[in-house]
Amino acid sequence: MKIPVIVIGGPTASGKTQLAIEWALKLNGEIVSCDSRQIYKYMDIGTAKPTLEERRLIPHHLIDIIYPDEVMSAGEFQKLARKCIEEIYARGKIPLLVGGTGLYIRAVIRDIDFPPKVDEKIREMIKEKIKEKGLSNVYRELLEVDPVTASKISPNDEIRITRALEVYYATGKPISFYRRGIDIDYPKYDIVYFVLNPPRDLLYKRIEERVDKMIQLGLIEETKHILNMGYSPGIPSLQTLGYREIIKYLQGMYDLKSAIEEIKKETRRYAKRQLTWFRNEIRVKLISYEEVKNAFCKIARYRQ
RNA sequence: GGGGACGUAGCCAAGCGGAUUAAGGCGGCGGAUUGCAAAUCCGCUAUUCCUCGGUUCGAAUCCGGGCGUCCCCU
């Protein structure tokens, strides 16, 4: 028998946290956060983590699991989340997978096998090569060793070109080899996948309010604090929306007002990207706030 | 009342008679996304240049009237 898993996705500021807690209480569930930023310690305000009270009310997993200078990946996350889900279920509770990182959710619930871990040195080597020979030449190289993947990637997409090439060098096989036979079904668990989909104007309003609130709560101080601990402003975790702009403000590249405007704008765009992802994810149920109650009926059978 | 400047997409803005089928930026919208994903990347977004008329083979570009905005003088 497959383990039942309730998935709640949705764009940032759509109210996932609150809904998840509400449902977890009703279902006797526990929450597995599926958020690529809330995994970081110290980054609390800017990632809108659930409060300590909320976490006391319902156990939340996979929050605060690594330090800002550590790196998480979809593959690593997949393992961690699956372990959580199994443990929760073994405890006689219902796992709720909730968050805004669509790729992480997909990695957990679909049957995706990621290529084996690649030595950091290989990536460094490729980055060096890009610096020396230029991205277009490195892209041409990918075109030769893995034309299938290359044709799907933009010649400007440095991150994906690097990845495809590093997998090729590390394993001798094109990354497209590892993508074959991916099942688009949900073979792993018994999934009910909801996506919160508020009207665009309401969502944007909520984003504005949330960003203002983050500033009030001390996003600037939090950023300073992380920097003071010795973390470099250049590390991937600090490229996170919000922290990135505040760092620029602290460096004098923005005045505060512009920084805040920039965060709002970028958050809107981020929400849009999330919606694109969720909209095109298979077998999801997009629900408005009005439909939330009705949606719960579909999962009420799990109530104990 | 007199003089001057200007009026190009939601906003900013280039073009100043024919390589324009009207640059570019911002914003907006859509999409991709398989071990960095709150990252990264891609696409779309003015059949028309305030308006009416004129000059011309040809006008956003020149001329005139109208409307509007701004500045200066009185």
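Numbered from 1 within each chain, the chains take letters A, B, ... in sequence-line order.
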Measure all distances between protein nitrogen or oxygen atoms and nitrogen or oxygen atoms of nucleotides 27-29 of chain B, and list the pairs falling under 3.5 Å.
unit_1	atom_1	unit_2	atom_2	d
B/G27	OP1	A/K265	NZ	2.2
B/G27	OP2	A/R269	NH2	2.7
B/G28	OP1	A/R268	NH1	2.7
B/C29	OP1	A/R200	NH1	3.1
B/C29	OP1	A/Y204	OH	2.9
B/C29	OP2	A/Y204	OH	3.2

When you compare the side chain of [Y] with that of [X], does any pair of heavy atoms fall below 4.5 Å?
X	Y	value
A/R244	A/E262	no
A/V145	A/P174	no
A/D255	A/Y249	no

Do [X] and [Y] have side-chain N/O donor and acceptor atoms under 3.5 Å apart?
X	Y	value
A/Y270	A/Q274	yes
A/S258	A/E261	no
A/S73	A/E76	no

Using atom [atom1] of each nucleotide, how far apart are [N] and [M] to the nearest Å?
N	M	atom1	answer
B/G28	B/A19	P	34 Å
B/G27	B/G4	C1'	34 Å
B/G31	B/A9	C1'	23 Å
B/C50	B/U61	C1'	15 Å
B/C71	B/C62	P	24 Å
B/G30	B/U21	C1'	24 Å
B/U74	B/G58	C1'	45 Å
B/U45	B/U8	C1'	16 Å

> Is it true that a side-chain atom of A/E30 and a backbone atom of A/A24 form a donor plus acceptor pair closer than 3.5 Å?
Replying inline: no
>> Main chain of A/I175, side chain of A/D146: is a donor-acceptor contact present, judged purely on distance under 3.5 Å?
In response: yes
>> Can you work out whether A/Q274 or A/R106 has the more 5'-proximal nearest nucleotide on RNA chain B?
In response: A/R106
> Want to settle it: does A/K152 or A/T240 sit nearer the 5' end of RNA chain B, counting the closest nucleotide to each?
Replying inline: A/K152
Touch check for [X], heavy atoms < 4.0 angstrom, all strands: base, sugar-phosphate only, or nothing?
X	result
A/K117	base
A/T47	base
A/G46	base
A/D35	base

If [N] has a Watson-Crick or G-U wobble mate with both distances under 3.5 Å, name it; if not, just say none.
N	result
B/A5	B/U69
B/G10	B/C26
B/U21	none
B/U61	none
B/A32	B/U40
B/U55	none

Looking at [X], does any N or O in its side chain come under 4.0 Å of the phosphate oxygens OP1/OP2 on [N]?
X	N	value
A/Y104	B/A37	yes
A/S73	B/C36	no
A/R37	B/A37	yes

Nearest whole angstrom, please: distance from the [atom2] of [N] to the [atom1] of [X].
X	N	atom1	atom2	answer
A/I161	B/A32	CD1	P	19 Å
A/Y270	B/U33	OH	P	17 Å
A/L103	B/A37	CG	C1'	6 Å
A/Y40	B/A39	OH	P	12 Å
A/I39	B/A39	CD1	P	14 Å
A/I247	B/A39	CD1	C1'	14 Å
A/Y243	B/A39	OH	P	14 Å
A/Y168	B/G35	OH	P	18 Å

> Which nucleotide sits closest to the side chain of A/R244: B/A39, B/U33, B/C36?
Replying inline: B/A39
> From B/G35, B/A32, B/U34, pick the nucleotide closest to the side chain of A/T276?
Replying inline: B/A32
> Is the closest basic N to carboxylate O distance between A/K205 and A/E208 below 4.0 Å?
Replying inline: no
> Of the options A/V5, A/V108, A/L97, which is the one that meets A/I191 in a side chain to side chain contact (heavy atoms under 4.5 Å, CB included)?
Replying inline: A/V5
> Mind checking whether A/F278 and A/Y193 have parallel, tilted or perpendicular rings, split at 30° and 60°?
Replying inline: perpendicular
> With a distance cut-off below 6.0 Å to the six-membered ring centre and an angular limit of 45° from the axis, does A/K2 pair with A/Y189 as a cation-pi contact?
Replying inline: no
> Taking syn as any angle within 90 degrees of 0 and anti as the rest, which one fits B/A14?
Replying inline: anti
Contact list (N/O, under 3.5 angstrom) for nucleotides 41-43 of chain B vs protein:
unit_1	atom_1	unit_2	atom_2	d
B/C41	O2'	A/S154	OG	3.2
B/C42	OP1	A/N156	ND2	2.7

